[in-house]
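All residue numbers in this chain count up from 1 along the given sequence.
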Amino acid sequence: MSKLKSKIQTLIEILVASTKLGLTSFGGPVAHLAYFKDEYIDRRKWLDDKTYADIIALCQFLPGPASSQVGISIGMMRGGLLGGLVSWFGFTVPSIIVLIVFAMMYQTFSLEDAGFIHSLKIVAAAVVLHALIGLGKKLTPDKPRLAIAIVAAAIMLLYPSAWMQILIILGAGLLGLKLFKDKAESKVQPFSINISKKLGLTSLGIFISSLILLPLLNKVLDNPLLNIFDIFYRVGSLVFGGGHVVLPMIEREVVPQGLLTANEFLAGYGMAQAVPGPLFTFSSYLGTMMEGITGAIVATIGIFLPSFLLIVAALPFLNELRQRATFQGVLMGVNASVVGILLAAFYDPVINSSIFSTTDFALGVILFGLLNIWKVPAWLIVILGVAGGYVLQFITF
């Protein structure tokens, strides 16, 4: 009985800490990691700096939202598998609620023509460009990786589709295996966690079989909720590079198929910048726009489920994989292609749907400068963007 009580207390402790972070962690994945360090390592002493650094390294090797995966991993180390789920719930639910409410307001009050919606699209353009530059510096530091990014962008612009994106990622991984294995780090620190290899293999089996079977079931059953789950599960399984990279892949899945318009898509993406927590909760907005609150729940579970399965699958084996130069080389190639895919998305749909005049361009430049040079947080950029849009309407002729 005392053991059960201790377990419940631990889960409550995780929920309180993660919810606090979910309400206050503005600024994107890098900022999230700083908030995590302050709360989990410096204040609560749940783990030391070295272990925390190893967890961050682990999550960089997996597709999906890196900051959410770090939070899930810490929750698992503290409270087992259920602790990981509780940690994700607290960190993610606040922004889910805000984005669902925004989607319902968008539909109820026909906000598509509202002036602040267009300002949100310009905000999205500034934020995506900022993310593109940051990723480019980190993931394409040399000419070979820059070349992969440029070719990936050109292919995506000429042949835009979700399947082409997958082929680009696979091709870049093979190139990375050949070109970059000699650039791998020779000393990678190991870490320990109490998850069996058997459980890891089971989780990997569920992940792979779901990725294969869901599209087949979707074609046979033709159910709208299953279609949503299939789309977001596939995106959560294949997106490398964090939250901003989710933009092009989801856009290719929902806008050309008529599930959302480009305006609806970008309005939600802009709003997602204003809320704390992971950017992948953008899926909650999209699901609401498609099938109401039920659609939001299905889309959110779909996009985050691969992260749980992959973390459980990777933790027991990652120490061995991270020592291998070939594995590191593959990821270098994949990460370079991510930069190119984001570059293509910056042109279409972001620029094509947001910048229509010199006024729009001027506002975008100002917002980008504030974000990139003066390091103004993303949530404040949203407020300034909306306010700036209204001001420019009155001072321009």
Side-chain angles (χ1 to χ4, degrees), residues 7 10-11 14 47 51-89 92 166 169-170 172-174 176-177 181 184-185 188-218 226 229-242 280 298 300-335:
K7 179 72 172 177
T10 298
L11 293 176
I14 294 170
L47 59 165
T51 305
Y52 183 59
D54 289 343
I55 292 173
I56 293 173
L58 152 69
C59 296
Q60 297 299 326
F61 281 86
L62 301 174
S67 60
S68 294
Q69 290 168 336
V70 169
I72 293 167
S73 299
I74 292 173
M76 286 183 179
M77 294 180 70
R78 185 72 178 172
L81 294 177
L82 191 55
L85 180 61
V86 170
S87 178
W88 169 84
F89 183 87
T92 309
I166 294 171
I169 290 173
L170 292 174
L174 293 175
L177 177 63
K181 60 182 180 181
E185 295 181 33
V188 179
Q189 295 294 330
F191 62 92
S192 61
I193 192 165
N194 188 26
I195 294 180
S196 69
K197 289 187 175 181
K198 182 178 179 181
L199 180 59
L201 289 172
T202 301
S203 184
L204 182 62
I206 295 171
F207 169 77
I208 294 174
S209 59
S210 298
L211 195 58
I212 295 170
L213 293 175
L214 278 171
L216 300 176
L217 287 173
N218 187 31
L226 180 59
F229 189 79
D230 174 36
I231 289 171
F232 286 91
Y233 184 88
R234 188 165 61 252
V235 169
S237 302
L238 299 173
V239 168
F240 287 86
F280 270 52
V298 170
T300 305
I301 293 173
I303 204 167
F304 281 102
L305 180 59
S307 291
F308 282 94
L309 296 174
L310 286 169
I311 288 170
V312 174
L315 284 173
F317 300 98
L318 197 79
N319 275 327
E320 299 172 20
L321 286 174
R322 290 175 66 224
Q323 305 294 330
R324 298 183 181 180
T326 53
F327 184 69
Q328 293 185 45
V330 167
L331 287 178
M332 288 181 190
V334 168
N335 287 337

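- Nearest heavy atoms, Arg234 versus Leu211: CA-CD1, 4.1 Å.
- Considering all non-hydrogen atoms of both residues, Leu238 and Ile169 come closest at O-CD1, 3.7 Å.
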Take Val70 and Tyr52 through the side-chain contact (heavy atoms from CB on, under 4.5 Å) test and state the conclusion after the steps. CA-CA 9 Å; Val70 169; Tyr52 183 59; 3.8 Å; yes
With side-chain contact (heavy atoms from CB on, under 4.5 Å) as the criterion, how do Leu214 and Leu226 come out once you've worked through the C-alpha distance, each side chain's angles and the decisive distance to 0.1 Å? CA-CA 8 Å; Leu214 278 171; Leu226 180 59; 3.9 Å; yes
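- Here side chain to side chain donor-acceptor pair (under 3.5 Å) pairs that include residues 198-215, with residues two or more places apart or in two chains, number zero.
- The shortest heavy-atom contact between Ile14 and Gly83 is CG2-O, 3.7 Å.
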Run the side-chain contact (heavy atoms from CB on, under 4.5 Å) test on Val298 and Phe232 for me, step by step, so that the C-alpha distance in whole Å, both residues' side-chain angles and the decisive distance to 0.1 Å come before the verdict. CA-CA 9 Å; Val298 170; Phe232 286 91; over 6 Å; no
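- Residue pairs satisfying the side chain to side chain donor-acceptor pair (under 3.5 Å) criterion with at least one member in residues 72-87, sequence neighbours excluded, are listed as follows: Glu13-Arg78.
- Applying side chain to side chain contact (heavy atoms under 4.5 Å, CB included) to Ser307 and the options Ser68, Cys59, Ser237, Pro65 leaves one that passes, Pro65.
- Remark: Lys197 pairs with Glu320 by the side chain to side chain donor-acceptor pair (under 3.5 Å) rule, at least two apart or across chains.
- Across all their heavy atoms, Leu11 and Leu82 have their closest contact at CD1-CD2, 3.4 Å.
- Heavy-atom neighbours of Phe207 CZ from other residues, nucleotides or ligands within 6.0 Å: above the threshold of 12.
- The shortest distance between side-chain heavy atoms of Leu199 and Pro316 does not fall below 4.5 Å.
- Put simply, CG on Leu213 and CG on Leu217 are 6.0 Å apart, with the number rounded to the nearest 0.5 Å.
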Apply side-chain contact (heavy atoms from CB on, under 4.5 Å) to the pair Phe308 and Ile206, showing each step before the final yes or no. CA-CA 11 Å; Phe308 282 94; Ile206 295 171; over 6 Å; no
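- For the atom pair CH2 (Trp88) and CD (Gln69), the distance works out to 13.0 Å, reported to the nearest 0.5 Å.
- Note: Ile72 CD1 to Thr92 OG1 = 7.0 Å, rounded to the nearest 0.5 Å.
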